[in-house]
Amino acid sequence: MGNAILVVDDERNFLTGIQLLLENNGYAVDLAQSGSEAFRYLQERTYQAVLLDLLLPDIEGIELAEFLTQRHQDTAVVILTGHASMDSAIKALRYGVVDYLFKPCKPELLLKIIARGIESIRLKREVVASRNKFEQLAAATWEGIAFFRGEHLQQCNPQFSTIFDLSEAECTSRQIQDFVENWQDCLTTLAECAEDQPAIFETIGLRHDGMSFPLEMRIRKIAEGDRPRWVAAFRDISARKRDEISRLKMQEELVNAQRMESIGLMAGSVAHDLNNILTSIVTFPELLLHQMPATEKYRKDIKQIQNAGKQAAAVVADMLTVARGATCSKERCNLNQIVEAYRNSLDFTQLQRSHPSVEIAFQLDPNLPDIIASTLHISKSLLNLVINAVEATGQNGQIRIVTENRSLQKMYNGYESIQAGAYAVLSIQDNGPGITTTNLKKIFEPFFSTKNLGRSGTGLGLTVIWNTVRDHQGYIDIQS
């Protein structure tokens with residue numbers, strides 16, 4: 001077989017016919033009926049040409065064309081569609097596709113266009129490879145390239161114009177420091193470079209509208225007479241910087257998960273021993289109080305010992321919840337049922353009595369789907385969230401408990417990076433003062449609290465929530 005071609009079209013009959021035509025003319029052919037299938041093929045092998053329809057079941061074909069022309073520049077892209085428009089044609093040609101054809105298309109014309117596109121790509125590759133004098137720049141033909149002498153920009157390629165959002169004429173009418181922040185600092189290093197030694201900088205690029213962006217420059221000196229001439233490749237590294245930030249965030253989340261796992265192991269190992277000790281602290285005072293007259297002067301002190309033991313037992317219970325989260329039993333249930341059960345519970349009634357000025361409203365989506373979950377753990381998470389909200393709002397607080405359906409078409413970057421998909425959402429909203437940026441990163445750490453431990457919760461309430469959500473393959477989002 002000869003050159004490899006990927007045909008992307010959702011019409012099965014068309015694919016069968018085009019495969020026969022191309023294979024009879026010596027091409028190796030792969031077929032894809034969707035954009036996702038095409039991406040899979042592109043990751044596995046290299047193609048000399050891609051024959052692409054614009055109407056695909058999962059993505060717009062024009063988006064795939066843009067991706068191909070940017071990421072697979074050694075591949076000739078030919079649009080063959082029955083759903084043509086002037087706008088898509090302009091976009092396709094702007095992206096750099098070889099041609100834009102309409103269905104039905106004569107086989108002879110199609111074969112000619114594909115052969116011409118493959119040959120054009122091949123010739124372009126040979127021209128680039130022949131520029132041995134500029135070998136480093138030839139490897140970066142998609143980058144912005146500029147020649148300058150002194151501070152005057154003499155020549156640039158279209159990619160340079162695109163990076164800085166100017167025409168070529170506008171670029172060459174400016175000086176190099178108009179495009180690069182801290183250019184004087186770069187000059188000091190450039191003066192020390194040998195003619196065959198490139199200098200690499202990471203700095204800030206400047207656009208004419210005042211916008212700035214991360215910029216990488218590779219500069220090499222060219223010997224021409226008494227005054228040196230320079231050639232430089234410019235790369236907008238905004239995407240790379242975003243990826244670095246994303247990786248750092250993922251590493252931070254991994255470290256946090258490992259820390260929480262360690263806490264869980266620790267909690268499981270000590271909780272049972274603490275329970276044995278606390279059994280005596282809680283039960284013996286109960287026996288003493290049962291046998292002690294109501295007028296006994298030590299009765300109040302023993303009662304305080306008993307209450308302290310119960311508080312310690314609550315901490316141990318939460319530690320066990322953290323340790324056992326991965327083994328909790330789950331069943332089909334509905335968030336609305338869990339919320340309604342909480343609204344009718346003794347805990348909620350006592351909360352309203354102790355905070356009569358706090359208004360708690362419920363807004364439940366009647367079409368909420370069932371989920372597979374631990375009713376006990378979700379209920380405890382809801383209880384902890386509402387208690388935190390009540391304590392945060394103080395007098396005249398307003399709290400809303402909301403359930404809803406939410407569908408994410410793409411990854412959502414909030415407090416966590418949430419994958420695309422359909423979700424049942426439980427939200428607790430309050431009008432409290434909010435959480436500081438510093439504390440926001442720590443609130444799920446065990447025993448972290450801005451309150452007095454022992455007087456307001458155990459210090460593990462939010463840790464239990466974090467562990468519960470992780471155990472249910474869910475996500476947490478916080479807006480403060």
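Residue numbers run from 1 in the order of the sequence given. It should be emphasised that the depicted structure is a prediction, and the values quoted were computed from it without experimental measurement.
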Report summary line: Here the pair of heavy atoms bringing F148 nearest to L153 is CB-CA, 3.9 Å
Report summary line: The complete set of ring pair (Phe, Tyr, Trp, His ring centres under 6.0 Å) pairs with one or both residues in residues 71-127, sequence neighbours excluded, reads F67-H72, Y100-F102
**Report entry** Full working for side-chain contact (heavy atoms from CB on, under 4.5 Å) between I418 and Y423
**Finding:** CA-CA 10 Å; I418 303 176; Y423 295 92; 3.8 Å; yes
Report task. Return each pair, listed once, that meets salt bridge (Lys or Arg N to Asp or Glu O under 4.0 Å) where at least one residue sits in residues 6-18; pairs must be two or more places apart or across chains. Result -> D9-K103, E11-K103
Report task. Would you please name every residue forming a side-chain hydrogen bond (donor to acceptor under 3.5 Å, both in side chains) with E202, sequence neighbours left out? Result -> R240, K241
Report summary line: Here the salt bridge (Lys or Arg N to Asp or Glu O under 4.0 Å) pairs for residues 204-215, sequence neighbours left out, are R207-D236
Report summary line: For F362, the ring-ring contact (aromatic ring centres under 6.0 Å, His included) test, sequence neighbours excluded, returns F348
Requested in this report: Verify the neighbour count for atom CE of M411: are there more than 12 heavy atoms of other residues, nucleotides or ligands below 6.0 Å?
Outcome: yes
Requested in this report: Indicate the atoms forming the closest heavy-atom contact of R406 with V425, along with that distance.
Outcome: CB-CG2, 3.8 Å
Query raised in the report: Would you say the side chain of C333 lies within less than 4.5 Å of the side chain of I338, judging by non-hydrogen atoms?
Result: yes
Query - Side chains of S238 and P214 in contact at under 4.5 Å (non-hydrogen atoms) - result: yes
Report summary line: For N336 and D365 the tightest heavy-atom approach is ND2-O, 2.7 Å
Report summary line: Closest heavy-atom pair, Q177 versus L206, reported as atoms and distance to 0.1 Å, is O-CD1, 4.3 Å
Query raised in the report: Any salt bridge (Lys or Arg N to Asp or Glu O under 4.0 Å) pairs touching residues 111-122, not counting sequence neighbours?
Result: D99-R116, E119-R122, R122-E126
Query raised in the report: Which heavy atom of Y475 sits nearest a heavy atom of S417, and at what distance?
Result: CE2-O, 3.6 Å
Query raised in the report: Are side-chain heavy atoms of I163 and F213 found at a separation under 4.5 Å?
Result: yes
Please list, one pair per line, the donor and acceptor atoms closer than 3.5 Å that link side chains of residues 49-64 to other protein atoms, with sequence neighbours excluded.
residue, atom, partner, partner atom, Å
D53, OD1, T81, OG1, 3.0
D58, OD1, G35, N, 2.9
D58, OD2, G35, N, 3.3
D58, OD2, S36, N, 2.9
D58, OD2, S36, OG, 3.3

Requested in this report: Sequence neighbours left out, what passes salt bridge (charged side-chain N to carboxylate O under 4.0 Å, His left out) with E44? Give chain and number order.
Outcome: R40
Query - Separation between CD1 of I476 and CG of L426, rounded to the nearest 0.5 Å - result: 11.0 Å
**Report entry** Any I401 side-chain heavy atom under 4.5 Å of R343 side chain
**Finding:** no
Requested in this report: For the pair V7 and Y27, evaluate side-chain contact (heavy atoms from CB on, under 4.5 Å) and give the outcome as yes or no after the intermediate values.
Outcome: CA-CA 11 Å; V7 183; Y27 293 104; over 6 Å; no
Report task. Answer yes or no: is there an ion pair linking K106 with E108, defined by an N-O contact shorter than 4.0 Å? Result -> no
Query - Donor-acceptor contact below 3.5 Å, side chain D430 vs main chain T393 - result: no
Query raised in the report: Quick one: does Q48's side chain get under 4.5 Å of I121's, heavy atoms only?
Result: no
Report task. Mind checking the CG-CG spacing from L21 to L111? Nearest 0.5 Å is all I need. Result -> 4.5 Å
Query raised in the report: Atom CG in L101, atom CD1 in I79: separation rounded to 0.5 Å?
Result: 9.0 Å
Report task. Indicate yes or no for a side-chain donor-acceptor contact from S246 to the backbone of R242 under 3.5 Å, with no hydrogens or angles considered. Result -> no
Query raised in the report: With the threshold set at 4.0 Å, does a side-chain nitrogen-carboxylate oxygen contact exist between D243 and R247?
Result: no
**Report entry** Heavy-atom side-chain contact between N388 and I428 under 4.5 Å
**Finding:** no
Report task. Kindly give the heavy-atom pair with the smallest separation between I478 and Y415, and that separation in Å. Result -> N-CB, 3.6 Å
Query raised in the report: Roughly how far apart are R94 CZ and T69 OG1, rounded to 0.5 Å?
Result: 11.5 Å
Query - Side chain proximity check, D471 to H377, heavy atoms < 4.5 angstrom - result: no
**Report entry** Nearest-0.5 Å distance, OG of residue S34 to CZ of residue F39
**Finding:** 10.0 Å
**Report entry** Non-neighbouring partners of R45 that pass side-chain hydrogen bond (donor to acceptor under 3.5 Å, both in side chains), sequence neighbours left out
**Finding:** D30
Query raised in the report: Can you list every salt bridge (Lys or Arg N to Asp or Glu O under 4.0 Å) pair that touches residues 158-178, not counting sequence neighbours?
Result: none
Requested in this report: Please list, chain by chain and in numerical order, all residues satisfying ring-ring contact (aromatic ring centres under 6.0 Å, His included) with F179, sequence neighbours excluded.
Outcome: F160, F164
Query raised in the report: Say you draw a straight line from NE2 of H152 to OG1 of T172; how long is it, rounded to the nearest 0.5 Å?
Result: 6.5 Å
Query - Residues S120, V98; criterion side-chain contact (heavy atoms from CB on, under 4.5 Å); working and verdict - result: CA-CA 9 Å; S120 175; V98 171; over 6 Å; no
**Report entry** Note, I5 side chain near I114 side chain (heavy atom, < 4.5 Å)
**Finding:** yes
**Report entry** side-chain hydrogen bond (donor to acceptor under 3.5 Å, both in side chains) partners for Q473, two or more places apart
**Finding:** none
